[in-house]
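Predicted model only: the values in this text are computed from it and were never measured.
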Amino acid sequence: MILASNSPHRRELLKGLDLAFEVKVIQGVGESYPESLPVDKVPEFISREKASVYHVAGDELLLTADTVVILDGDILGKPCDADEARSMLRRLSGHTHQVVTGVCLTTSESQKSFSETTAVTFRNLSDAEIAYYVEHYKPFDKAGAYGVQEWIGYIGVTRLEGSFYNVMGLPVERVYEALKEQL
């Protein structure tokens, strides 16, 4: 199995399934999508696009994934700086948003993709809490500017409907079931 992801959380989660895999990442794979695509379909589309740049040998299985945070129909991607991270967290504060992860499993003969959605609710966060989190955790590599497994998740998430691991970046329950079907 090949995991095509730089995400340490995806590596950790996949390792938790006790499966042997190696990480191979082709740099520069775009994450663009058609504007007309419904926002909840974007991660699955991008996961298939990521898979399309790999050559999968006969005995290999490639796993690609993409996660987005959606609030009020808007995708909150990875913030480019501290100001954007604080702005995203202010928007999420006191609201429920969706975390959608698209997964694509590709072999030399077939491809299966799916997505998983989890609803996450944050309590109202103070500006001081948001500033503390951004300063100490620097969430610039995380969709929506937060990691649920970090301090902000401990103190801010009041409700989660769906897979916790999906919010971390990989719905391992669904991946395991799909792998059982694939193998």
Side-chain angles (χ1 to χ4, degrees), residues 2-17 21-33 39-40 42-47 49-50 53 63-103 115-172 175:
I2 297 167
L3 173 63
S5 175
N6 278 322
S7 166
H9 298 297
R10 286 196 183 113
R11 277 184 243 148
E12 174 189 341
L13 292 169
L14 196 55
K15 189 183 281 187
L17 292 178
F21 67 93
E22 63 180 291
V23 175
K24 284 187 186 175
V25 179
I26 295 176
Q27 299 300 325
V29 178
E31 294 189 357
S32 60
Y33 54 89
V39 291
D40 63 327
V42 168
E44 193 171 339
F45 176 87
I46 292 174
S47 72
E49 288 292 300
K50 288 177 178 179
V53 301
L63 188 153
T64 54
D66 189 70
T67 302
V68 300
V69 170
I70 301 170
L71 178 66
D72 298 330
D74 294 332
I75 292 178
L76 303 182
K78 297 173 185 172
C80 62
D81 58 25
D83 287 339
E84 189 174 22
R86 286 188 295 271
S87 175
M88 285 182 185
L89 289 168
R90 276 190 216 99
R91 284 189 66 192
L92 295 171
S93 175
H95 294 95
T96 299
H97 62 277
Q98 290 70 45
V99 177
V100 182
T101 300
V103 176
S115 63
E116 184 74 22
T117 301
T118 303
V120 180
T121 303
F122 270 104
R123 70 169 174 78
N124 287 316
L125 301 167
S126 71
D127 284 343
E129 290 166 333
I130 290 170
Y132 175 86
Y133 176 69
V134 171
E135 181 180 331
H136 289 87
Y137 290 85
K138 305 192 182 338
F140 311 123
D141 62 339
K142 294 171 178 57
Y146 79 93
V148 70
Q149 72 283 359
E150 295 175 337
W151 183 84
I152 199 81
Y154 298 165
I155 65 105
V157 173
T158 60
R159 185 176 175 97
L160 194 141
E161 294 177 55
S163 168
F164 173 80
Y165 299 109
N166 183 53
V167 183
M168 284 181 65
L170 192 66
V172 288
V175 169

Item to complete: Could you give me the CA-CA distance, side-chain angles and deciding distance for Met88 and Leu71, then say whether side chain to side chain contact (heavy atoms under 4.5 Å, CB included) is met?
Response: CA-CA 10 Å; Met88 285 182 185; Leu71 178 66; over 6 Å; no
Item to complete: Flag the pair Arg159 and Glu161 as a salt bridge only when some basic side-chain nitrogen lies within less than 4.0 angstrom of an acidic carboxylate oxygen.
Response: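 A salt bridge is present here (some side-chain N lies under 4.0 Å from a carboxylate O).
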Practice prompt. Write out all pairs satisfying ring pair (Phe, Tyr, Trp, His ring centres under 6.0 Å) with one or both partners inside residues 147-172, taking only residues at least two apart or from two chains.
Written response: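 Every pair satisfying ring pair (Phe, Tyr, Trp, His ring centres under 6.0 Å) with a residue in residues 147-172: Tyr132-Trp151.
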Practice prompt. Calculate, to the nearest 0.5 Å, the distance between atoms OG1 and CD belonging to Thr117 and Gln98 respectively.
Written response: 7.5 Å
Worksheet item: Hey, what do you get for OG1 (Thr101) to CE (Met168), rounding to the nearest 0.5 Å?
Response: 11.0 Å
Fill in: From CA spacing to verdict: side chain to side chain contact (heavy atoms under 4.5 Å, CB included), Val175, Leu63
CA-CA 9 Å; Val175 169; Leu63 188 153; 3.8 Å; yes
Heavy-atom donor-acceptor pair, [X] side chain to [Y] backbone, under 3.5 Å:
X     : Y      : answer
Thr64 : Ser47  : yes
His95 : Ser93  : yes
Glu49 : Phe45  : no
Arg10 : Gly169 : yes
Lys50 : Ala65  : yes

Practice prompt. Scan residues 117-132 for pairs that pass salt bridge (Lys or Arg N to Asp or Glu O under 4.0 Å), counting only residues two or more places apart or in two chains.
Written response: Arg90-Asp127, Arg123-Glu129
Worksheet item: What salt bridge (Lys or Arg N to Asp or Glu O under 4.0 Å) pairs are there with at least one residue in residues 134-147, not counting sequence neighbours?
Response: Lys142-Glu150
Discussion item. Quick check: do Val120 and Val157 have side-chain heavy atoms less than 4.5 Å from each other?
Written reply: yes
Worksheet item: Nearest heavy-atom pair of Asn166 and Thr67: which atoms, and what distance?
Response: O-CG2, 4.4 Å
Worksheet item: Which word best sums up how the rings of His97 and Phe122 line up, parallel for under 30°, tilted for 30 to 60°, or perpendicular for over 60°?
Response: parallel
